[in-house]
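We count residues from 1, following the sequence as given. Small disclaimer: the values here were computed from a predicted structure and weren't measured.
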Amino acid sequence: MFKKAVEAKSHQRLSGADRKKLRRSIKDKFQRVSDSDLDALLPPKAEIAVAKFQNRVHLYAVEGGFPMFFDVDGRGNDIFPTVYALWIVPELLPAFVLKGGEVSRFVIGGADLMFPGITVPPEGLPSFRAGEPWAVKVPGNPAPIAVGSTTMSSAEALKAGLRGKALRITHYYRDLLWESAEGCYVPNAGFFEDVVFEDPSWLQASCDSDSTDVAGDTSGDQQSNPKSDEVVESVDVNELQHDSTSGLMPSNNGEKDAATGVTEGVSDLKLSDTVSGNDPNDQQTLSTADIDSLLDKCLLQALHTTVKDKDLPLPGSTLWSNHILPCRPSGITLDIKKSSYKKLSKWLQAKSTSGLISVKEDKHKKEVMLFSVNRNHVDYSSFKPEKRQVEKSEQPSVQSANETRSSKTLEVVEIYKPSVHVNSIFSSVGADPGKLFSASEATDIVFTYCEKENLVKPTNKSIVILDALLCDALFKGAIKKGTTYPTEIHKKDLGSTFVSRMQPHHVVTRGNESVVRKGALKTVQLLTERRQGNKKVTKLSGMETFLIDAEALASELQKKFACSTTVAELPGKKGHEVLVQGGVIDDLARHLMEQYGVPKRYIEVLDKTKR
């Protein structure tokens, strides 16, 4: 499941209600978890974030910590703990114990777990049902190395003579999910040391009988996980490498070296005696003075990089969430309640008293507003903002995934051309009225004009006084006859009003192909209606707007939905219409979003078959 890199569609914090729902789902799913265990995994005072992926997987992580749970279908019905969670609470899941260290090579290579590789306790095979989550352990250590779901019940396994696949692996140590954690770690040395058995015939037979489920799956099914319940004894790794040549490993030397390297890395794992030692929230413990200093640093970083004078006045909550929090160091959870100020308003008031900023409480919104920044203040002048570099090194799998998507990557940009109403404003600041501008660039131009002409009201920095040129640009022809022209405008309305007076255009780019069109972006229309014989047909038009070839799309949909498709010209209009037999309107909309990147807001759906 986590063999190939998949980009997250969104990242967001869980609300209080969603946190409670997640905790209930976990308690219902895992009967072994106690309230104290759940608090160790999902600390009550820590922020919990969820990442939603294209394959519907939801990943829940402690902000500034490690991923703890993942939901396979995104509906709360198929939740699994990560190995990080199992290292904190090892008994969260029942576990299968491997027969020897050699089996772990295949497990952490991504292969599913087979029954011949499981140690059956003296009291017999434990009872389980198909589809239950189980962990995988090595003998002699309580730290699980993988999780997955059972493929059959214990009764079915006994009938099959304990042959075949036992566990379908969903997540394992050193997969992309494990590597995605900031500062991914392993427990202390000694977690896993391999055991070599004198008679490895059971494994060799398993490899011969079902190579696709063991050795073969390391390349083709690395996304599944095995599970175990107990721990393994230890042997010297050098001894293990020497004995592993007895036919347990694949014949390819490169594969053997890779597997040996991974298993040696596993030998450094071991659980601590106490759960708190693995709590990710204990790794970044800051004192009150440290948090106060970090708050000041993040504020200065934000004032230098993201807070612009044109955005003022700015609500305190917006300043905190959109400007200050993004400036905190990676892996640090910044909580104003743990500072000496306790409240955001008190901290901003303190910074206002020092003269760095000017704030004022909005009595209507009951919120502190940032009105101005003293960029001549000694703290501001002496601070040197950090240059945040984008990480250049990526996993090879991430690069290959991006390369395969490059041909389908869609970019839609709304741009604007100066009209006769605003040409004078562009000319006065030296901008070319014949060029195309984005909304932010056009807003910068009108604010540059205001600064050049000193139009900001001295008594209220959030108000701009309109001179004759700016008033005509904004309101000439838009004000009814007999109505008085306004003499001033609020800063927050200036940019949008100015942009609305320009001619809208849009740029659509897909791969190396790019098109600039006049007017607003048109939507893709999906329509389902009934024909004779009560048959449904789905019509698709407007796909040319997003540089999608109608003939190629029709051929693709014919294979995907196993139905007939036709392409026809739109009567009296430019473009084509794709007709798909059947009521596939929802699936078709999803296909356009996932495969062609068409934003949901640009897809118009109408189902005439629903009453």
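For the pair Ile145/Leu98, a side-chain contact is recorded, criterion being any heavy-atom separation below 4.5 Å from C-beta on. Between Ile291 and Asp335 the shortest side-chain heavy-atom distance does not fall below 4.5 Å. Side-chain contact check for Phe70 versus Pro81: every heavy-atom pair is 4.5 Å or farther apart. A heavy-atom distance below 4.5 Å is found between the side chains of Leu14 and Tyr60. For the pair Leu540 and Leu553, the minimum side-chain heavy-atom distance is below 4.5 Å. A heavy-atom distance below 4.5 Å is not found between the side chains of Leu41 and Ile26. Residues Leu86 and Leu93 have side chains in contact (heavy-atom distance under 4.5 Å, counting atoms from C-beta outward). The shortest side-chain heavy-atom distance between Phe66 and Thr82 does not fall under the 4.5 Å cut-off.
Judged by distance alone, the side chain of Glu386 and the main-chain N or O of Gln301 form no donor-acceptor pair under 3.5 Å. A donor-acceptor pair under 3.5 Å links the side-chain atoms of Thr150 to the main chain of Glu132, judged by distance alone. Side-chain N or O atoms of Thr151 include none that pairs as donor or acceptor with a backbone N or O of Arg168 at under 3.5 Å. For Arg328 (side chain) and Leu325 (main-chain N/O), a donor-acceptor pair under 3.5 Å exists by modelled atom type. Side-chain N or O atoms of Thr306 include one that pairs as donor or acceptor with a backbone N or O of Ala302 at under 3.5 Å.
No salt bridge links Asp18 with Lys21; every basic N to acidic carboxylate O contact stays at or beyond 4.0 Å. At a threshold of 4.0 Å, the pair Glu513-Arg510 does not count as salt-bridged, since none of the basic side-chain nitrogens sits closer than that to a carboxylate oxygen. Between Glu594 and Arg56 there is no salt bridge, since no side-chain N of the basic residue sits under 4.0 Å from a carboxylate O of the acidic one. Using a 4.0 Å cut-off between charged nitrogen and carboxylate oxygen, Asp71 and Lys52 do not count as a salt-bridge pair.
Here the closest non-hydrogen pair linking Gly597 and Leu410 is O-CD2, 3.3 Å. Scanning both residues, His591 and Glu556, for their nearest heavy atoms gives NE2-OE2, 2.8 Å. Of all heavy-atom pairs spanning Ser127 and Ser154, the tightest one is CA-OG, 3.6 Å. A pairwise comparison of heavy atoms in Thr565 and Gln558 identifies OG1-CB, 3.7 Å as the closest pair. Summarising the geometry of Ala552 relative to Asp549, their closest heavy-atom pair is N-OD2, 2.9 Å, with the distance given to 0.1 Å. A pairwise comparison of heavy atoms in Pro133 and Phe80 identifies CB-CE2, 3.7 Å as the closest pair.
Interatomic distance, CD1 of Ile324 versus CD1 of Ile336, reported as 8.0 Å (0.5 Å rounding). Rounding to the nearest 0.5 Å gives a distance of 11.5 Å between CG of Leu125 and OG1 of Thr119. With values rounded to the nearest 0.5 angstrom, Met593 atom CE is found 10.0 Å from Leu588 atom CG. The distance from the CG atom of Asp587 to the CG atom of Leu557 is 10.5 Å, given to the nearest 0.5 Å. The distance from atom CD of Gln31 to atom CG of Leu92, rounded to the nearest 0.5 Å, is 11.0 Å. To the nearest 0.5 Å, the span separating CG on Asp290 from OG on Ser339 amounts to 12.0 Å.
Side chains of Trp178 and Tyr84: a donor on one and an acceptor on the other come within 3.5 Å.
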Inset, instruction - Mind running side chain to side chain contact (heavy atoms under 4.5 Å, CB included) on Val50 and Leu22 for me, showing each step along the way? - result: CA-CA 11 Å; Val50 56; Leu22 175 61; over 6 Å; no
Inset, instruction - Verify side chain to side chain contact (heavy atoms under 4.5 Å, CB included) between Lys560 and Val584, making sure each step is shown before the conclusion. - result: CA-CA 11 Å; Lys560 180 177 179 61; Val584 294; over 6 Å; no
Inset, instruction - Could you walk me through whether Val89 and Val33 pass the side chain to side chain contact (heavy atoms under 4.5 Å, CB included) test, one step at a time? - result: CA-CA 8 Å; Val89 185; Val33 67; 5.8 Å; no
Inset, instruction - For side chain to side chain contact (heavy atoms under 4.5 Å, CB included), just list the numbers for Met68 and Val62, CA-CA rounded to whole Å, side-chain angles, deciding distance to a tenth of an Å, and then say yes or no. - result: CA-CA 7 Å; Met68 290 299 173; Val62 178; 4.2 Å; yes
Legend entry - Check against salt bridge (Lys or Arg N to Asp or Glu O under 4.0 Å), Arg23 and Asp35: CA-CA 9 Å; Arg23 290 174 70 95; Asp35 291 338; 5.4 Å; no
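Residues passing the salt bridge (charged side-chain N to carboxylate O under 4.0 Å, His left out) test with Lys29, sequence neighbours excluded: none.
Pairs passing the ring-ring contact (aromatic ring centres under 6.0 Å, His included) check and including a residue from residues 107-128, sequence neighbours excluded, read Phe96-Phe128, Phe128-Trp134.
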